[in-house]
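Have a look at the structure below before the remarks.
What you are looking at is a predicted structure, and each value in this text was computed from that prediction instead of being measured. Residue numbers run from 1 in the order of the sequence given.
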Amino acid sequence: MSIPFLTFTCDACEYSESSFVTFGQFLWNHDGLLFRFDRQLGLCQTCREIVAMEALPDPDVFERAREMHPGLSGQFVNPLTQEHAKCLASQEGFAVLERVMELNRPPVCLSCGGDDVQPLELPKVPEGEKLTDIGRTNLGVKHPGCGGNLMVAGSEGLRLGLNPVTYYYDICGKHLATLRGREGLFRGT
C-alpha cells in the first residue's frame, strides 16, 4: 500500500516528523476482547513532539452506537460510511469501547500514555485540493521545548509504501505491544 503524507518540521531546530505516526491498526485489548479505535495527530507536551493520540467518540455518537450495537454487532459496515456511530456499533468487542467510555478519561498520547496532549489543527485547504499537496505552512503552534514554529508540508504527489503494523493498548491507553508485518494484521471487522 502506498499513501501520501504530511511532514512536520520546526523552524528553530532540527525536529522532523511525519503523519505516519497515525498509520496502522490501533487496538484496545481488554478481557480477551479487541476494539479498533480511532486516532488523530496530536501535540504532546510531555514527548515534545507530534504524536498519534486517541480520538474518543463524542458522547452523543457513542450513545447512538450503543443503541445500534445489538443489531449491527459483527455485521459488515462500509468503513467509508459517513455514519461514525454505525462503524463503531458494528465492531465485535464493543464492550471494550463501553469500558473505555465508562472511565470518563481524556484521550491520551499513544507514545507516552500521558494526557498532556491536544489535537493538532491542520490548515484548511480550498475545496477540490488535497492537504497533502500544500507547500510549507506555519501551523501557528510552538514546538514544545525549543519554542520554534511548527511547520507542515504535503508530500506533493510523493507516496510511500508501508508494511502493516498493529499497536495494542490497554483501556487506559498504555502501550502493550506492536506487531509488524502480516502477523500484526487485524482480521476482525
Is there a side-chain contact between Ser155 and Thr7, using heavy atoms and a 4.5 Å cut-off?
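They are not in side-chain contact.
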Quick one: does Arg39's side chain get under 4.5 Å of Leu110's, heavy atoms only?
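Result yes, sub-4.5 Å side-chain heavy-atom pair found.
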Say whether [X] and [Y] are linked into one hydrophobic cluster, either directly or through other cluster members, by side-chain heavy-atom distances under 4.5 angstrom.
X	Y	value
Met151	Leu120	no
Phe20	Val152	no
Leu27	Met53	no

Who pairs with Glu98 by side chain to side chain donor-acceptor pair (under 3.5 Å), at least two apart in sequence or on another chain?
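Here the qualifying residues are Arg66.
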Closest approach of [X] to [Y] (non-hydrogen atoms, all atoms of both residues):
X	Y	value
Leu88	Ala65	CB-CB, 3.9 Å
Pro107	Val117	O-CG1, 3.9 Å
Glu54	Pro106	OE1-O, 4.2 Å
Val21	Val51	CG2-C, 3.7 Å

In terms of side-chain geometry, is the basic nitrogen of Glu92 or Arg36 positioned less than 4.0 Å from the acidic oxygen of its partner?
no
Nearest 0.5 Å, please: how far is [atom2] in [Y] from [atom1] in [X]?
X	Y	atom1	atom2	answer
Glu67	Phe62	CD	CZ	10.5 Å
Gln25	Leu34	CD	CG	10.5 Å
Ile50	Thr9	CD1	OG1	8.5 Å
Met101	Ile171	CE	CD1	12.5 Å
Glu49	Ser16	CD	OG	11.0 Å
Ser111	His175	OG	NE2	9.0 Å

Please walk me through it: do Val100 and His30 pass side chain to side chain contact (heavy atoms under 4.5 Å, CB included)?
CA-CA 10 Å; Val100 168; His30 184 68; over 6 Å; no
Derivation and outcome, side chain to side chain contact (heavy atoms under 4.5 Å, CB included), residues Ile134 and Val125:
CA-CA 8 Å; Ile134 65 171; Val125 294; 3.4 Å; yes
Got a sec: does the CD of Glu102 have more than 12 other heavy atoms crowding it under 6.0 Å?
yes
May I ask you to check whether over 12 heavy atoms, not counting those of Glu121, lie within 6.0 Å of atom CD?
no
Partners of [X] by side chain to side chain contact (heavy atoms under 4.5 Å, CB included), sequence neighbours excluded?
X	result
Ser19	Phe5, Leu6, Phe8, Leu41
Arg64	Asp60, Val61, Met68, Glu83, Ala85
Ala177	Tyr168
Lys174	Asp170

Given Trp28, which of Tyr169, Phe94, Tyr167, Phe37 fulfils the ring pair (Phe, Tyr, Trp, His ring centres under 6.0 Å) condition?
Phe37
Step-by-step side chain to side chain contact (heavy atoms under 4.5 Å, CB included) determination, Arg105 to Asp115:
CA-CA 9 Å; Arg105 64 173 178 77; Asp115 63 8; over 6 Å; no
I'd like to know whether Gln45 forms a side chain to side chain contact (heavy atoms under 4.5 Å, CB included) with Leu43, so could you lay out the CA-CA distance, the side-chain angles of the two residues, the decisive distance to 0.1 Å, and finally the verdict.
CA-CA 6 Å; Gln45 298 298 318; Leu43 182 61; 4.0 Å; yes
Residues 137-150 side chain polar contacts: donor-acceptor under 3.5 Å, at least two apart:
unit_1	atom_1	unit_2	atom_2	d
Thr137	OG1	Gly135	O	2.8
Asn138	OD1	Gly140	N	2.6
Lys142	NZ	Asn149	OD1	2.9
His143	NE2	Arg48	O	3.1
Asn149	ND2	Asp11	OD2	3.0

